[in-house]
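Right, one structure below, let's go through it.
Each chain gets a letter, A, B and so on, in the order its sequence line appears, and its residues count up from 1. Small disclaimer: the values here were computed from a predicted structure and weren't measured.
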Amino acid sequence: MNTAAPSLTDEHPNRARAEWMGLLARARPAELAALLEKAQGLPGYVLLRGPETGLVMLRGRAGGGGAPFNLGEMTATRASVRDAEGRIGHATVAGRDEAHALVAARLDAALQDPARHGALKATILEPLAHSEEQRRAALARRAAATRVDFFALTTQR
Amino acid sequence: MADHILAHPGFADPVHDAQSSFRALLQALARPGTLHAVAAPPDPPAPLSPATAAVLLTLVDSDAPVHLAGPFALLAPWVAFHTGSGEAAADGAAFVLADALPEFAALPTGSDEIPEASATVILQVPALKGGPPLILRGPGIETMQEFAPLGLPGDFVARWAANRRLYPRGIDLVLCAGDRIAGLPRSTTVTEWR
Amino acid sequence: MAYVAVKGGERAIDAAHAWLAAERRGDTAVPELETAQIREQLGRAVDRVMAEGSLYDPDLAALAIKQAQGDLIEAGFLLRALRTTLPRFGVSLPIETETMRLARRISAIFKDLPGGQVLGPTYDYTHRLLDFSLAANGTQATAPEAEARDEAAPRVPDILGREGLLEADGASAAEPFDLTRAPLTFPASRDARLQGLARGDEGFLLGLGYSTQRGYGNNHPFVGELRVGEVDVEIVPPELGFSVCIGTVELTECQMVNQFAGSKTQPAQFTRGYGLAFGHAERRAMAMALVDRALRAEELGEARTAPAQDAEFVLSTCDNVEATGFVEHLKLPHYVDFQSELETIRRLRGNTGKPATSLPEAAG
């Protein structure tokens, strides 16, 4: 790594929060909305910024591990809220779904509340992590089915 | 994290408020010394006046970094949050936010080939009227324009004359007080009222 | 040359656009395409439009393809136009392709490599026979699954690099060049070249890459590794000050390994060309890697003799939005330009003593 900013793969100053923010960002919006229906209501909120759609420049590395270069942009949508209890929540999610960004920001605020955290973790974060794990496992199983097993042909005499 | 400062929202309607404020800025710079209202955000963080906040939110972005001088340094998280601008040193800034006129020599003044690569100073003053009267002449002014802001230094006329001599290089000035702004582009000549 | 503004044609233009909309819809007895169908069933077209439009958003690319009636260059143009209207929130941390969740990963230089040869969904080994069963809708297809082995798939350069046989990646702490913010100048640095190639026209890159194999700047390429899969995108929002994942993207990466005889200062070793592309785009990633390697000729002390080795030629010509703009603008009225040329020709003919008939009549 030769970037100044810490990555999730390094020592992270706020790992727990970064992990739930990532989980919320990668969630399928429909699944997140359905889980939210089952959770107890979130506190009221005011918008501090957004939801608004913009761009993030994606960077790669020359040779895969070398100096960074700009590969191209992607769409992203962000929102920031302050909830009725004064907690500030942020979200940036890939794509253009404003409702997704707003829900993720509200959840980010609510998850900082120790009184709510446990219940939200059980009703939202854990199911999201489970379905993400299933998607990844399905990809790995499909890939495994196309893995080549070489075998030597019988030597011809 | 200075989260409390982020509790102050930006523009109520980011696209339209920025467009109308930009329009007001164009008018202010095209008609030096005249006062224009801007679409101010509802509750800007201290010590920003509503007009100063509107100008910042309209002009500053990640490609046009701002230097926050004096008491405005505390606003860095709010400015980064709403504009995407990181903190710039005075000599590398596209915009300088100050409540006292900075030394122009410390700011980028552009080059003869790229005169627009100069800094624009956003100066927050107590009022745009009621100060010592100045006479403005130049492009955008038919004969002369009176302008009497409070909060300019005593040697302003001499310092502005030095800036005027750099033309086409030089600093442009946007003055803000309350919910009003006025422009002083580098093409304007300033003299004292006699 | 002065321009003379003329007005007229609004009615004709409106009618032309209305006809275009009707032609786009086609026979209304046939169901209208949904953009979700394009995204799901024409994924390779979506990937190409995202790469050349330089904007990763499969839904928008699908919409652009629908709007452009499948004209992929026009669709890329639509994405480029859209991106100019959006603010930039920031830049990602460099993507670590080593952490890719692989759908496909092959190497043409090592048969047995850790993590194995994983074919993924590939057209390789198909017989290129038209499948008429697809013409009758209702196809059901299921991907087979097998027990996934918990085995790391290190990047092939890391395997070869351990022995010092392959040049290292190199590193730089400098902020990379961004051609969407600053004009390209020459000689262009490798970061600028890679950005230009990543959004270049696939056909043009393919032709250039092929030209190196045909002997115009050959450098003996091997596919060290080709990998396709999903990676996480992380940014550091200023309000947080730490990195968060905002989503995932699918990418294709190609490591091309090339012969290099060595020089006075360097022992013989393999060099590399690099390709990285949005989506599943193997041809693009491979062609990009071939051209990237060709453009490194000077840096590696090779004679620069072929078009693919000329950065100014390659990068100034590979952008199909710029190219189509300049070629297609020739359709627009050039009445005044042409009038002046006509007068010149008439004057020249007049000077030869031949009768100065007007050209249109002479042509008639």
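- In this structure, chain A has no heavy atom under 4.5 Å from any part of C/Glu225.
- For chain A, the nearby part of C/Phe278 is the side chain; its heavy atoms alone come within less than 4.5 Å.
- For a residue to count as touching a neighbouring chain, one of its non-hydrogen atoms must lie under 4.5 Å from one of that chain's; by this rule C/Arg272 touches chain A with the side chain only.
- For chain A, no part of C/Leu82 is nearby; none of its heavy atoms comes within less than 4.5 Å.
- Using a 4.0 Å cut-off between charged side-chain N and carboxylate O, C/Glu230 and A/Arg26 make no salt bridge.
- Heavy atoms of C/Leu276 lying under 4.5 Å from chain A belong to its backbone as well as its side chain.
- The contact between A/Arg136 and chain C is made entirely by side chain atoms (from C-beta outward), counting heavy-atom distances below 4.5 Å.
- Residue contact with chain A, scored on non-hydrogen atoms closer than 4.5 Å, is absent for C/Val231.
- The contact between C/Arg83 and chain A is made by backbone and side chain atoms together, counting heavy-atom distances below 4.5 Å.
- Neither the backbone nor the side chain of C/Asp158 has a heavy atom closer than 4.5 Å to any heavy atom of chain A.
- Heavy atoms of other residues, nucleotides or ligands lying less than 6.0 angstrom from CZ of A/Arg142 number 12 at most.
- With A/Arg61 as reference, C/Glu96 is the one residue of C/Glu253, C/Glu96, C/Glu98 to meet the salt bridge (charged side-chain N to carboxylate O under 4.0 Å, His left out) rule.
- Taking a cutoff of 4.0 Å between a charged side-chain nitrogen and a carboxylate oxygen, C/Asp57 and A/Arg96 qualify as a salt bridge.
- Residue C/Arg190 touches chain A through its side chain alone, counting heavy-atom pairs closer than 4.5 Å.
- Ion pairing of A/Arg59 with C/Glu175 is present here, as a side-chain N (NZ or NE/NH1/NH2) and a carboxylate O approach within less than 4.0 Å.
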